[in-house]
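Quick caveat, the model's predicted, so the values are computed rather than measured. Proteins come first, then strands; the chains are lettered A, B, ... in the order of their sequence lines, and each starts at number 1.
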There are 2 protein chains.
Amino acid sequence: MPDLDDSAPRTARQIARAELTKAITDAARRQLAEVGPSALSLRAVARELGMASSAVYRYVASRDELLTILIIDTYDAIGEAAEAADDRAIAAGADAGARWLAVCRAVRSWALAHPNEWALVYGSPVPGYQAPQDTVGPASRLGLAMARVVVDAAAGGELAAVASLPAPTLVDPGVLQAIGGLPDAPHEDLPERSMLLWIALVGAISFELFGHLHNVITDHAVGFDRQMAVAASSIGLTLPLDGA
Amino acid sequence: MPDLDDSAPRTARQIARAELTKAITDAARRQLAEVGPSALSLRAVARELGMASSAVYRYVASRDELLTILIIDTYDAIGEAAEAADDRAIAAGADAGARWLAVCRAVRSWALAHPNEWALVYGSPVPGYQAPQDTVGPASRLGLAMARVVVDAAAGGELAAVASLPAPTLVDPGVLQAIGGLPDAPHEDLPERSMLLWIALVGAISFELFGHLHNVITDHAVGFDRQMAVAASSIGLTLPLDGA
DNA sequence: TGCTCAATGTGAGCAGTGCTCTCGGTTCAG
DNA sequence: CTGAACCGAGAGCACTGCTCACATTGAGCA
């Protein structure tokens with residue numbers, strides 16, 4: 001494995017290598033979208049690119065590494081979808097509730113459009129697979145986007161009072177630092193309560209995507225909005241639902 | 001495929017068949033617990049039983065069917081763990097909050113003890129796999145156990161008032177019937193709000209099991225309790241946490 | 001009791017997988 | 001210009017799910 005961590009490829013060989021690596025990941029991405037994570041085949045990727053299967057191993061160490069690349073891509077895409085939706089809401093002058101609803105809907109839309117990618121990151125992990133450190137950055141992007149809305153809402157006094165949790169926070173100090181410290185008003189347990197929003201968002205989408213809501217709820221889109229509204233109410237945030 | 005749907009096996013051959021079928025599923029269960037759903041191999045099961053791999057197909061139509069059996073088993077085991085915990089809490093004279101906490105903890109304990117089985121049912125579905133109708137009964141067992149606690153809490157006046165959702169309920173009529181109809185007090189949107197408890201329970205456990213809470217929360221057991229408390233508060237239910 | 005046919009077990013085989021290794025050919029750097 | 005690094009191809013290994021022809025066994029019937 002040659003290290004071409006040097007930012008810009010210089011020689012023709014390095015350029016070809018970069019291009020071929022991209023072609024491989026692109027083909028893998030297409031195949032992931034089509035057949036899902038567990039059926040993603042390195043040999044099929046090689047076939048699609050017209051090369052021998054063994055040649056792919058010059059560029060990708062293993063199938064797991066290829067999946068890791070796609071995992072990182074997916075986390076990034078989800079995080080970007082959330083950030084973009086929030087940015088649009090901010091530009092439209094939305095309050096915290098509207099921003100939050102916009103983020104939730106954007107993430108759900110992304111998931112519905114990319115079910116296999118969603119399953120890759122939020123479904124069961126591949127056995128024996130240990131997430132490398134490279135994934136934690138992109139993985140936290142969605143959480144940070146959500147935290148931004150909550151922090152803004154708290155700072156802007158947009159959160160109604162709710163009953164507090166007992167005892168000090170259990171949220172990791174590194175996380176607290178990433179979101180700008182522990183808030184004092186209206187609830188110092190806000191980080192922990194906000195985690196429920198995260199769990200509810202990802203959980204509701206996964207439930208819908210994985211079929212657990214089949215025959216349980218009639219209108220998935222509206223039901224999703226209302227689940228998010230219920231979850232948001234637990235941090236004192238009110239969402240502007242259509243029916244309201 | 002012979003149909004021996006007739007309840008009791010009569011002949012020696014039918015007895016042997018029933019026993020071998022059980023041996024196969026047992027071996028598959030062991031292997032599932034060891035290597036996870038995606039690595040479950042029909043050939044390895046056959047090896048463990050000392051028979052030719054092709055012989056297994058006399059008893060199980062395909063690997064997918066074997067997985068379906070395990071899925072049903074798992075749903076049942078989770079539902080039973082929840083029901084048993086609730087029964088114990090009731091026997092101990094617990095109120096709705098304590099019952100609910102007991103159920104949550106029991107399900108989490110079961111999941112921690114059987115991570116691969118949990119991933120099989122609540123992780124990403126295997127591609128191209130369509131859940132047969134046989135799974136919906138066992139699958140709803142956990143939800144019904146949870147509903148029992150909520151319904152009892154509502155009937156016993158143990159739910160505090162919370163802000164209501166707009167518009168009528170979206171919960172499937174069949175589900176409403178299964179839990180004994182739509183309640184009128186204190187919130188007629190109780191079924192929908194309760195769904196958040198379900199999503200939060202399964203979501204929090206899956207997050208922990210799949211590694212998404214790594215470096216996010218410090219004490220998983222306590223953090224779980226508190227997430228459940230936050231979720232429960234959205235239906236006006238207060239959980240008896242240790243720190244309170 | 002003997003016969004017949006279905007149920008059962010076996011091993012070979014097909015098509016596919018991830019991955020390794022060797023063998024040439026190409027390209028880059030000193 | 002030469003040696004070394006890189007690259008693609010193909011064969012091959014061990015594994016998978018699944019099928020099929022064949023032999024065996026057993027259960028019910030005459």
Side-chain angles (χ1 to χ4, degrees), chain A residues 1-6 8-25 27-28 31-32 34-70 126-130, chain B residues 1-6 8-25 27-28 31-32 34-70 126-130:
Chain A
M1 260 163 290
D3 59 79
L4 51 98
D5 286 352
D6 306 339
R10 299 234 135 266
T11 77
R13 202 167 230 175
Q14 281 172 315
I15 293 175
R17 182 179 183 83
E19 263 180 23
L20 202 50
T21 305
K22 179 164 162 34
I24 288 174
T25 57
Q31 215 174 95
L32 167 65
E34 268 179 38
V35 301
S38 67
L40 193 157
S41 154
L42 236 155
R43 287 178 115 111
V45 170
R47 260 195 307 274
E48 183 175 327
L49 298 180
M51 55 165 72
S53 65
S54 55
V56 179
Y57 286 86
R58 302 277 186 203
Y59 301 87
V60 164
S62 68
R63 183 177 175 273
D64 268 11
E65 191 191 282
L66 190 55
L67 281 180
T68 300
I69 295 172
L70 298 180
V126 295
Y129 173 82
Q130 202 65 325
Chain B
M1 258 162 294
D3 60 84
L4 50 99
D5 286 351
D6 306 341
R10 300 233 137 265
T11 78
R13 204 166 225 177
Q14 281 172 317
I15 292 174
R17 180 176 184 85
E19 263 180 21
L20 234 177
T21 306
K22 180 165 160 35
I24 289 174
T25 57
Q31 216 175 93
L32 168 65
E34 269 179 36
V35 301
S38 67
L40 193 158
S41 153
L42 237 156
R43 286 179 115 112
V45 171
R47 261 195 309 272
E48 184 176 326
L49 298 181
M51 54 163 75
S53 66
S54 53
V56 179
Y57 286 87
R58 302 281 185 200
Y59 300 87
V60 165
S62 68
R63 182 176 176 274
D64 269 10
E65 192 191 281
L66 189 55
L67 281 180
T68 300
I69 295 173
L70 298 180
V126 295
Y129 172 82
Q130 203 65 324

- Message: Can you measure Glu19(B) atom CD to dG9(C) atom P for me and round it to whole angstrom units?
- Response: 12 Å
- Once you round it to whole Å, what is the distance between C1' of dG9(C) and CZ of Arg17(B)? 13 Å
- Query: Atom CD of Glu34(B) and atom CG of Leu32(B): how far apart are they, to the nearest 0.5 Å?
  - Reply: 10.0 Å
- Item | Gap between atoms CD and C1', on Glu65(B) and dC18(D) respectively (whole Å) | 14 Å
- Using modelled atom types only, decide if a donor and an acceptor are shared between the side chain of Glu65(A) and the backbone of Ser62(A) within a distance under 3.5 Å. no
Check residues 39-51 of chain A and write down every donor-acceptor pair under 3.5 Å in which the side-chain atom is one partner and the other belongs to a residue at least two apart or another chain.
{"residue": "Ser41(A)", "atom": "OG", "partner": "Arg43(A)", "partner atom": "N", "Å": "3.2"}
{"residue": "Ser41(A)", "atom": "OG", "partner": "Ala44(A)", "partner atom": "N", "Å": "3.0"}
{"residue": "Glu48(A)", "atom": "OE2", "partner": "Arg30(A)", "partner atom": "NE", "Å": "3.0"}
{"residue": "Glu48(A)", "atom": "OE2", "partner": "Arg30(A)", "partner atom": "NH2", "Å": "2.4"}

- Grab the OH-P distance between Tyr57(A) and dT17(C) for me, whole Å please. 11 Å
- Message: Just to be sure I understand the rule, does Leu66(A) reach a base, reach only the sugar-phosphate, or reach nothing, if contact means heavy atoms closer than 4.0 Å?
- Response: nothing
- Query: Which atom pair, heavy atoms only, marks the closest approach of Leu70(B) to Thr25(B)?
  - Reply: CD2-O, 4.0 Å
- Note on the structure: Heavy-atom contacts, protein to nucleotides 22-30 of chain C, under 4.0 Å, summarised as B (base), S (sugar-phosphate only) or - (none) per nt, yield B---BBSS-
- Remember a base hit wins even if backbone is also touched, and classify Leu40(B) as base, sugar-phosphate or nothing at under 4.0 Å, heavy atoms. sugar-phosphate
- Item | side-chain N/O Ser62(A) vs dG18(C) OP1/OP2, d < 4.0 Å | no
- Query: Within this structure, what is the CG-to-P distance between Leu42(A) and dT20(C), rounded to whole angstrom?
  - Reply: 11 Å
- Message: Side-chain N or O of Arg63(B) versus OP1/OP2 of dC18(D): is the shortest distance under 4.0 Å?
- Response: no
- Note on the structure: Rounded to the nearest 0.5 Å, the OG1 atom of Thr21(A) sits from the CD1 atom of Ile69(A) at a distance of 8.0 Å
- Message: Working note: Leu66(A) + Ile24(A), criterion side-chain contact (heavy atoms from CB on, under 4.5 Å); need CA distance, chi angles, decisive distance, verdict.
- Response: CA-CA 9 Å; Leu66(A) 190 55; Ile24(A) 288 174; 4.3 Å; yes
- The correct set of residues in residues 44-54 of chain A placing a heavy atom under 4.0 Å from DNA chain C is Arg47(A), Ser53(A), Ser54(A)
- Tell me which of Tyr59(A) and Arg43(B) sits closer to the 5' end of DNA chain D, going by the nucleotide each one is nearest to. Tyr59(A)
